[in-house]
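Read through the structure below, which is laid out as C-alpha cells, and then see the notes.
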Amino acid sequence: MNVVTRFAPSPTGYLHIGGARTAIFNYLFAKKHSGKYLVRIEDTDKNRSSEEAIKAIYKGLKWLNVNSDHEIVYQSQNLNSHIKVAYELLKKGHAYKCYLNSDELEKLRIKSRENGIPIKSPWRNKKELDDNKNKKFVIRLKMPSYGTTTIDDIVQGKVTVKNEILDDMVILRSDNTPTYMLSSVVDDNDMGITHIIRGDDHFNNAFRQIQIIKYLNWNIPYYAHIPLIHGTDGAKLSKRHGATSLFHYHDLGYTSDAMFSYLLQLGWSAKNDADYCIDRATKLFALENVSKSPAKFDLKKLKNINAKNLNSMKISDIYKLVVDRFSLSLNNDEQKRFKSLLPELLKRVQVYTDLEFEFDWLFQKDFFCKDKNYQLKLQKHDLMLKEIGSQLKECEWTVENIKNTLNQYILHKSLTFKDIGPILRIALTGKTNSPDLVSIIYELGCTITVNRLNYKY
RNA sequence: GGUCCCUUCGUCUAAUGGUUAGGACUCAGCCCUUUCACGGCUGCAAUAGGGGUUCGAAUCCCCUAGGGAUCACCA
C-alpha cells in the first residue's frame, strides 16, 4: 500500500504544540512506510482564517523540518467540488434541505440535550415545498437511524457506536459554503489519503464523517486518533498553561531537534532515548505503540532534552545559530575564542539564548567588573592580580605555560588555587562561575588578560 | 447530562498471565573538582479502589471512583 498522510491545520493562529506533534506523527508514519506526507490548510472559515496564520504555521513546520512532500493544498480552493458532493448526496437522497432558522434550532438543541438524543430536523422527512423556494436552507446529511458503526482505530482500538446517536450534521451552509465535516472528507478522498492521523478531539467526528464516505462508496481510510497533550493540571493544553506556540520555543532558544524529540515521546515510546531523534524515529515509528492516554507537557524534561541536544550538536552549527540569533559580528580572534569556549559554555545552559549572559566578558575589549561588591574584592587583591598579570605577560602563550605560571605563583606565595581562583575569575569574567580559568586566560589572550588584571577599580 | 476514551513513581513511559514492577526527567545525597556546570554512583518514589477468573493478575472480566474529549450554519 502506498501510504499517504496529511496534516490539516486550520489557519486561525500560530502552530500549536499539539498540532506540531500531530504533524510529526503524520510525517513519521509516512516516512516509515516510504509514503507521502502532505499538508492541507483548512481555511474554509474565512472569518477566522488569516494569511498571517498560514505563514506562522508554515514557519513552524519548516523549523521542525516536517515539510509537505507536495505543494501545500488550500481547502478554500476546492470549495466547488465540495459543493458538488453536497448536491450529489442530496440528489441520492442521503441528504436533505433544512429550512430551520436559528431560533427554531436553538429550541431543538435545548430539547435534544435534555432528552439525550441528537438533533433531528423536522425537514428530514418532509418533501420540499414550493413556497420554500426562496427561503434560506442548509443541507444536512441523513444519518442512518439504526444499526451501529464500528471504527477500528489504530490507536484507540475497535470502537462501536450506535447510529441513532449520530446527528444530521450540516454539510452545506445557508450561504452555500461547505462545512469542515464535508470538506475534510472530500479533500482526503481527492488527495488519496490512506491514513488519517489526528488529535482524538476528532474521534467523534470520525463516526459522522465515515457516513459520507459510505454513501459515496469511497475508500474508507485508516484512522489513528492520537491523544491530546495536556497541561500540568490535566486539561487540554491552552494558553493559561504557558506558551503553546511551537515557534515560541524557537524564540526561547530551544532547538528544533529537541522539540521534535520531546513532542515525539509525548505518547510514543521507543526502546532507547536515542531513538527519539528524527533519523532513527523515521525507521522505528509505529502507531501501534502510541499511548491512548493523554500526556502532560513537562517543561523540565524538554529543557533536559534540549540541553543534551545542544551538547551533541556540531560546534559549527550551534555557533552559527547563536551568531545569527544575536546578530553578532565577531572578528577572527573573537570567533576563534567563542568556538573554543563554546563546548564548555554549552554545558552550563539549557537553552542557547542563555549564552547571551556570557557575551560581555567574552567579547568586550574594555570589559571590567560592574558589580560593586565584587569590585571591593578586586580592590583588596589589587596587588596579587597585578603580580599574576606581570608573570603571565612573561610567559610564552600556551595552555601548559599558563597553568605552570599560575602554579608557580601559588607555590611561591604558599597559597592554594582556591586563594587566587575566585579573584581571577571575577577579574576576567565579572562572575563567580565560569569554565576553567586556564582555558579562559588562554582564549582571552595575553593583552586582554593582563589589561583586565591591571584594571583600576 | 448523552456518547466515547483514559487511569503504572510528581512527570514521560517499559513490562502484551510468572520481573526484586525497569528506564528517563525532577528531587536528595555522595564522588570528581579552581568556581559553576558536565559526568559517574546511590537513594526517594507507582500498578486509582473493590470484587472476580487463574496455581499465579499491572496485564483478562465486572463494579466504583477520578480525569479527559465531544455534543455549532468552528475546524
Side-chain angles (χ1 to χ4, degrees), chain A residues 8-12 42-45 47-49 75 98 100-102 105-106 109 112-119 136-140 151 153 155-157 159-162 164-167 169-181 183-184 198-208 225 227-228 230 232-236 262 265-273 276 289 291-305 307-308 311 343-350 406 410 416-422 424-426 429 431-438:
Chain A
S10 58
T12 54
E42 308 227 312
D43 54 349
T44 52
D45 184 342
N47 294 325
R48 299 206 310 153
S49 302
Q75 189 155 69
C98 167
L100 250 30
N101 63 35
S102 55
L105 245 178
E106 192 51 36
R109 189 168 295 133
S112 79
R113 197 147 182 158
E114 279 171 2
N115 301 334
I117 49 162
I119 293 179
K136 284 201 162 182
F137 63 87
V138 299
I139 294 183
R140 287 180 183 276
I151 290 180
D153 191 279
V155 173
Q156 303 289 330
V159 178
T160 300
V161 146
K162 285 187 184 135
E164 63 199 43
I165 65 122
L166 270 18
D167 68 323
M169 64 187 182
V170 173
I171 54 174
L172 197 74
R173 301 189 189 95
S174 53
D175 63 358
N176 204 43
T177 59
T179 61
Y180 159 80
M181 285 295 178
S183 295
S184 178
R198 54 179 15 173
D200 73 7
D201 49 338
H202 282 290
F203 197 40
N204 292 298
N205 291 338
F207 292 91
R208 308 201 284 160
H225 288 93
L228 270 17
H230 283 181
T232 43
D233 62 351
K236 189 166 144 182
Y262 177 63
Q265 57 190 278
L266 242 36
W268 182 66
S269 59
K271 291 267 184 291
N272 301 303
D273 279 358
Y276 293 109
N289 34 7
S291 165
K292 284 168 96 167
S293 52
K296 289 174 185 163
F297 189 80
D298 181 10
L299 196 62
K300 282 180 177 164
K301 181 103 176 196
L302 208 210
K303 278 188 177 162
N304 178 272
I305 290 172
K308 281 180 182 160
N311 285 289
E344 281 302 313
L345 256 13
L346 282 174
K347 285 179 186 164
R348 291 158 175 79
V349 298
Q350 293 191 295
L406 294 180
I410 55 179
T416 67
F417 207 97
K418 283 182 180 168
D419 298 316
I420 65 165
L424 274 176
R425 182 166 282 111
I426 291 172
T429 70
K431 305 161 72 141
T432 52
N433 51 55
S434 76
D436 167 59
L437 269 174
V438 175

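First the proteins, then the strands, lettered A, B, ... as listed; each starts at 1. Values below: all heavy atoms of this structure, side chains included; hydrogens, waters and symmetry mates excluded. No experiment lies behind these values; they were computed from the predicted model shown.
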note: A:K301, atom NZ; B:C27, atom P; distance rounded to Å ~ 13 Å
Protein heavy-atom contacts under 4.0 Å, written 5' to 3' over nucleotides 68-73 of chain B as B (base), S (sugar-phosphate only) or - (none), form the string SSSBSB
Any non-hydrogen side-chain atom of A:I119 less than 4.5 Å from a side-chain atom of A:L105?
yes
Taken to the nearest whole Å, OH/A:Y276 to P/B:G23 is 15 Å
Query raised in the report: Is there a side-chain contact between A:S184 and A:E42, using heavy atoms and a 4.5 Å cut-off?
Result: yes
Short side-chain N/O contact from A:T44 to OP1 or OP2 of B:A75, under 4.0 Å: yes
Check: Taking the same atom, C1', in B:U47 and in B:G40, what whole-Å distance lies between them?
Finding: 31 Å
Residues passing the side-chain contact (heavy atoms from CB on, under 4.5 Å) test with A:D167, sequence neighbours excluded, are A:P118, A:M169, A:R208
- [ ] Provide the distance between the two C1' atoms, one in B:A48 and one in B:G10, to the nearest whole Å.
- [x] 15 Å
For A:F203, the ring pair (Phe, Tyr, Trp, His ring centres under 6.0 Å) test, sequence neighbours excluded, returns A:F207, A:H225
Whole-Å distance, A:E164 CD to B:C4 P, equals 11 Å
* Integer angstrom distance from the P of B:G39 to that of B:G18 -> 36 Å
Take atom C1' in B:U19 and the same atom in B:A15, then report the distance between them in whole Å.
8 Å
With sequence neighbours left out, the residues meeting salt bridge (charged side-chain N to carboxylate O under 4.0 Å, His left out) with A:R425 are none
With sequence neighbours left out, the residues meeting side-chain contact (heavy atoms from CB on, under 4.5 Å) with A:D43 are A:P11, A:I41, A:S49, A:Y74, A:Q75, A:S76
Re B:A37: Watson-Crick or G-U wobble partner, both distances kept under 3.5 Å, found to be none
ask   = If we only count heavy atoms from C-beta on, is the A:I305 to A:D273 side-chain gap below 4.5 Å?
value = no
Here the distance between atom P of B:U26 and atom NZ of A:K303, to the nearest Å, is 11 Å
Less than 4.5 Å apart, any side-chain heavy atom of A:E164 and any of A:I117? no
As its Watson-Crick or G-U partner within any shown strand, both distances under 3.5 Å, B:G18 has B:C55
With sugar-phosphate meaning primed atoms plus P, OP1 and OP2, does A:G157 contact a base, only sugar-phosphate, or nothing at under 4.0 Å between heavy atoms?
nothing
For nucleotides 60-62 of chain B, list the nitrogen or oxygen atoms of the protein found under 3.5 Å from its nitrogen or oxygen atoms, one pair per line.
none

Base orientation of B:C60, chi within 90° of 0 counted as syn, else anti, reads anti
In whole angstroms, the gap separating C1' of B:C12 from NZ of A:K271 amounts to 16 Å
Scanning all shown strands, the Watson-Crick or wobble mate of B:C32 with both distances under 3.5 Å is none
Exercise. If the P atom of B:A37 is compared with that of B:G43, how far apart are they to the nearest Å?
Worked result: 23 Å
Distance check, P atoms only: B:A46 and B:A58, in whole angstrom units.
15 Å
Applying ring pair (Phe, Tyr, Trp, His ring centres under 6.0 Å) to A:Y276 and not counting sequence neighbours gives A:W268
Using Watson-Crick geometry (N1-N3 plus N6-O4 or O6-N4) or G-U wobble (N1-O2, O6-N3), each under 3.5 Å, B:U47 is paired with none
- Query: How would you label the contact of A:M181 with the nucleic acid (heavy atoms, under 4.0 Å): base, sugar-phosphate, or nothing?
  - Reply: base
Looking only at B:C6, B:A75, B:U13, the nucleotide nearest the A:R48 side chain is B:A75
Atom NZ of A:K296 and atom C1' of B:U11 are separated, to the nearest Å, by 8 Å
Sorted by chain and number, sequence neighbours left out, side-chain contact (heavy atoms from CB on, under 4.5 Å) with A:K308 holds for A:N304
Quiz item: Rounding to the closest angstrom, what is the interatomic distance between B:U59 and B:A21 at atom C1'?
Solution: 12 Å
Hits for salt bridge (charged side-chain N to carboxylate O under 4.0 Å, His left out) against A:K236, two or more places apart or cross-chain, chain-then-number order -> none
Atom CH2 of A:W268 and atom C1' of B:A14 are separated, to the nearest Å, by 13 Å
For B:U7, the nucleotide meeting Watson-Crick or G-U wobble distances (both under 3.5 Å) is B:A65
For A:D200 and A:L228: C-alpha separation, side-chain torsions, deciding distance, then whether side chain to side chain contact (heavy atoms under 4.5 Å, CB included) applies.
CA-CA 6 Å; A:D200 73 7; A:L228 270 17; 3.8 Å; yes
Salt bridge (charged side-chain N to carboxylate O under 4.0 Å, His left out) filter on A:K303, not counting sequence neighbours, yields none
Those residues at least two apart in sequence (or on a different chain) that pass ring pair (Phe, Tyr, Trp, His ring centres under 6.0 Å) with A:H202 are A:Y180
**Asked** B:A24 phosphate, OP1 or OP2: any side-chain N/O from A:N304 under 4.0 angstrom?
**Response** no
Taking a pair to mean Watson-Crick or G-U wobble geometry with both distances below 3.5 Å, B:C73 pairs with none
- Query: Considering only the P atoms, how many Å lie between B:G17 and B:C61, rounded to the nearest integer?
  - Reply: 12 Å
Heavy-atom contacts, protein to nucleotides 35-43 of chain B, under 4.0 Å, summarised as B (base), S (sugar-phosphate only) or - (none) per nt, yield BBBS-----
Here the distance between atom P of B:A24 and atom CG of A:D298, to the nearest Å, is 16 Å
Ranking A:Q265 and A:I165 by the position along RNA chain B of their nearest nucleotide, the one closer to 5' is A:I165
